[in-house]
Amino acid sequence: MQNDYNENDIQVLEGLEAVRKRPGMYIGTTDVKGLHHLVWEIVDNSIDEALAGYCKNIEIIINKGNSVTVKDDGRGIPVGVHPKTGISTVETVYTVLHAGGKFGGGGYKVSGGLHGVGASVVNALSSWVTVRVYKEGKIHEVKFENGGKTIQKLTVIGECDPNRTGTTVTFKPDADIFDSEIFDYETLKVRVRELAFLNKGLQLTLRDDRDEEDTQGDKFLYEGGISEYVRFLNQNKTPIHDQIIHLEGEEAGVFFEVAMQYNNGYNENIYSFVNNINTHDGGTHEEGVRRALTRVLNNYARKAKLLKEKDDALTGDDVKEGLTMIVSCKHPNPQFEGQTKGRLGNSEVRKLADNVFSEGFERFLMENPNEAKIIVEKSMLASRARLAAKKAREATRKTDLSISNFFGKLTDCKSKDPSESEIFIVEGDSAGGSAKKGRDSMTQAILPLRGKILNVEKTRLDKALGNEEIKTIITAFGTGIGQEFDLSKLRYNKIIIMTDADVDGSHIRVLLLTLFYRYFKPIVQEGHVYAAQPPLFRIMHGKTRKYVLNEEEKDKYLASLPDNVRQRAEIARMKGLGEMDAEELNETTMDINKRVLRKITVDDCILADQVFEKLMGDEVEPRRKFIEENAGYVKNLDI
Ligand code: 1YM
């Protein structure tokens, strides 16, 4: 086989070698996120086949030894010799960069963002890959090893039922490339379920074969598609009308659909997708719907005399309060825009979305006057609250604020340059006092909190703005809130939550994160929020003082000491921040050269919304279940 190598083969190997040298360029990262990315690259090909109308079942299995198998019942990757490469098309797809995109004409291809870089990238980053194609009564197989080197050309290895078609791919990620090789079932499950919601009638199965037991796995098949997604997202919330409004339309090969239902909460839960990819930053499909929603509700409310002449029109913010909505567009040629390619740019979709939504929603309101009234009244309440919030918000502007009150709480830093400034939000006055003494006054601001702040999960903006603690935080951040929020005005690059390492501390941290996530989401999304990590133990021996973050570090440190020193070491469990003096607090938790900060990030807004709802919402049962399911992860329990 060595002698068969020609120029094409050499180019191919150079291509895959480039992927191995810079995996980040192709899959973003080589952490667990990148690892799971490999699965989606392969699944995307099956999904494309489903979108083209040929595949009804997709199966994903985590095997023993951490390889993954993806199976579909589509047409099977073509097995003939490819005219350009002179090798089989299957082998070409797995060895030539971006081959998938070039070959498959038509259909709704998944492209843009990090997805769609192709099966060859998975091959390049795997220690072995086996591809089987079932077609015309034959089983074809090709095998690769060691980052995409073909070790078995496409070969017929047996026969199958002539009616059976499909592709089965098994790959084992290369341990030299990835930090972690362990696939997380829950991570896969969340996305597999989402794919099932987004592609009605498509059955997806996920199974974990790593344990000995014969596991059943999870089967996802939703005939109702995104309607069922909306019902799922509202399951821990209280809907204010039964029916889920589901509208769809198609024009010039572009398919558009939307499903929605209002709940009695105050948050907006609008998620949009293009070819199954979450468009985090919206785009024309979302804009079309938002515009139509505001217009149609206003027209209806005026006609039905629910909104009087003297009343202000409902705004976009009013009509999205408590709204759970999924917008999904399937487009043969999507243009993704923005820094993270999370925005749909195709302008014709705005019109299509507006038309489909306004026609359908208008009819829904006419035919369901009771629901219509409930929805309009919900928006009118939001409108009134918005006006009240506007007044309250004006009060949080520095000029209007009772200056002494505000400055009594915040000890600001001297620097006015946000890029070097940070604010510590500290639990309790006594820790606050130590932090003030121990800080670097040039760059570190201190805001002590007295007790617990308000849980904003079930509070409207106007009421939240009446809360002293929250007002102070808004004023300190400088960004404003709600419609006026402006990230560029953020006065601190780092917002550091500093609470005790106990249950009260965690509770306060979750309350603050709820506030930030609900009212200052970009601050969290852009990575400005951190949790300080005060040490849990102090170990003293001789003149040495060592602080460690947890049990494991403590054991490791003690093990590193000579026997006679270890025996005399004094170990103290740190009870709280308030116990440390200024010098200690600075040394362990604040000094930028010594401290450890935990960055709080949000990968998946849909998941984050559900967790906040569960932890902080008013339904008790889901919270009890969450605690039961996660109790196993608890390391330090102090009650
Ligand atoms: C488990 C992974 O890759 N399925 C799959 C891939 C392809 C096809 C069908 C397919 C596509 C087309 C025609 C087409 C691919 N084919 C190509 C290429 N599952 C998995 N199922 N016939 C079959 O797009 O026209 C790339 S992917 F380029 F060879 F056509």
Side-chain angles (χ1 to χ4, degrees), residues 8 12 15 36-63 67-111 115-126 128-136 138-144 148 150 153-154 160 163-173 183 188 191-192 195-196 199 202-207 253 275-276 330-333:
N8 284 327
V12 162
H36 289 79
H37 207 98
L38 300 184
V39 181
W40 307 129
E41 287 302 338
I42 302 299
V43 171
D44 276 353
N45 283 333
S46 301
I47 294 278
D48 280 348
E49 188 65 358
L51 289 176
Y54 298 104
C55 158
K56 291 271 163 284
N57 294 283
I58 302 175
E59 221 177 302
I60 300 158
I61 304 149
I62 313 175
N63 303 307
S67 66
V68 167
T69 298
V70 183
K71 233 186 246 190
D72 72 44
D73 60 353
R75 288 167 293 177
I77 305 178
V79 292
V81 171
H82 191 268
K84 279 239 176 70
T85 60
I87 53 177
S88 69
T89 305
V90 192
E91 190 180 339
T92 308
V93 168
Y94 273 80
T95 52
V96 179
L97 273 182
H98 297 292
K102 272 187 212 138
F103 295 119
Y108 302 111
K109 287 273 175 252
V110 178
S111 63
H115 284 277
V117 292
S120 58
V121 168
V122 176
N123 199 10
L125 301 176
S126 294
W128 56 264
V129 176
T130 302
V131 184
R132 281 188 187 165
V133 174
Y134 299 80
K135 231 176 161 67
E136 293 157 1
K138 295 194 184 84
I139 308 170
H140 309 256
E141 187 187 73
V142 58
K143 285 176 149 184
F144 310 93
T150 309
K153 289 262 178 198
L154 192 69
C160 65
N163 293 319
R164 176 171 180 187
T165 61
T167 309
T168 301
V169 175
T170 304
F171 67 94
K172 162 101 171 104
F183 285 101
L188 294 175
R191 175 63 178 159
V192 167
L195 283 168
N199 299 281
L202 175 64
Q203 175 166 289
L204 290 117
T205 320
L206 177 64
R207 213 175 67 214
N275 296 355
N276 300 315
K330 306 268 166 73
H331 200 295
N333 183 29

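Nothing here was measured: the structure is a model prediction, and the numbers come from that model. Each ligand, and each atom within it, is numbered from 1 in the order the structure gives.
- Selection from Arg75, Lys71, Lys135 by nearest heavy atom to atom 11 (C) of ligand 1 gives Arg75.
- Heavy-atom contacts from other residues, nucleotides or ligands closer than 6.0 Å to NZ of Lys138 number 12 or fewer.
- Within the 4.5 Å cutoff, side-chain heavy atoms of Phe144 are placed close to those of Thr95.
- If you number the atoms of ligand 1 from 1 as listed, the ones under 4.0 Å from a heavy atom of Val169 come out as 1 (C), 2 (C).
- Comparing heavy-atom distances from atom 7 (C) of ligand 1 across Ile77, Ile47, Asp73 singles out Ile77 as nearest.
- In this structure the side chain of Lys330 reaches within 4.5 angstrom of the side chain of Asn199, judged on heavy atoms.
- Ile42 places none of its side-chain heavy atoms less than 4.5 Å from the side chain of Val68.
- In Asp72, the part holding a heavy atom less than 4.0 Å from any atom of ligand 1 is the side chain.
- Close contacts of ligand 1 with Thr89, meaning ligand atoms under 4.0 Å from a residue heavy atom, involve 29 (F).
- Of all the atoms in ligand 1, the ones that sit under 4.0 Å from a non-hydrogen atom of Thr167 are 1 (C), 4 (N), 5 (C), 19 (N), 20 (C), 21 (N).
- Between Ser46 and ligand 1, a contact under 3.5 Å exists for at least one N or O pair.
- Atom NZ of Lys172 is separated from atom CG of Leu38 by 11.5 Å, given to the nearest 0.5 angstrom.
- The parts of Val70 lying near ligand 1 are both backbone and side chain, judged by heavy-atom distances below 4.0 Å.
- With respect to Tyr134, the side-chain contact (heavy atoms from CB on, under 4.5 Å) criterion is satisfied by exactly one of Thr165, Thr168, Asp73: Thr168.
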Please assess Ser46 against Val70 for the test side chain to side chain contact (heavy atoms under 4.5 Å, CB included), listing each intermediate value before the final yes or no. CA-CA 8 Å; Ser46 301; Val70 183; 4.0 Å; yes
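- Residue contact check: Ile42 has heavy atoms under 4.0 Å from atoms 1 (C), 2 (C) of ligand 1.
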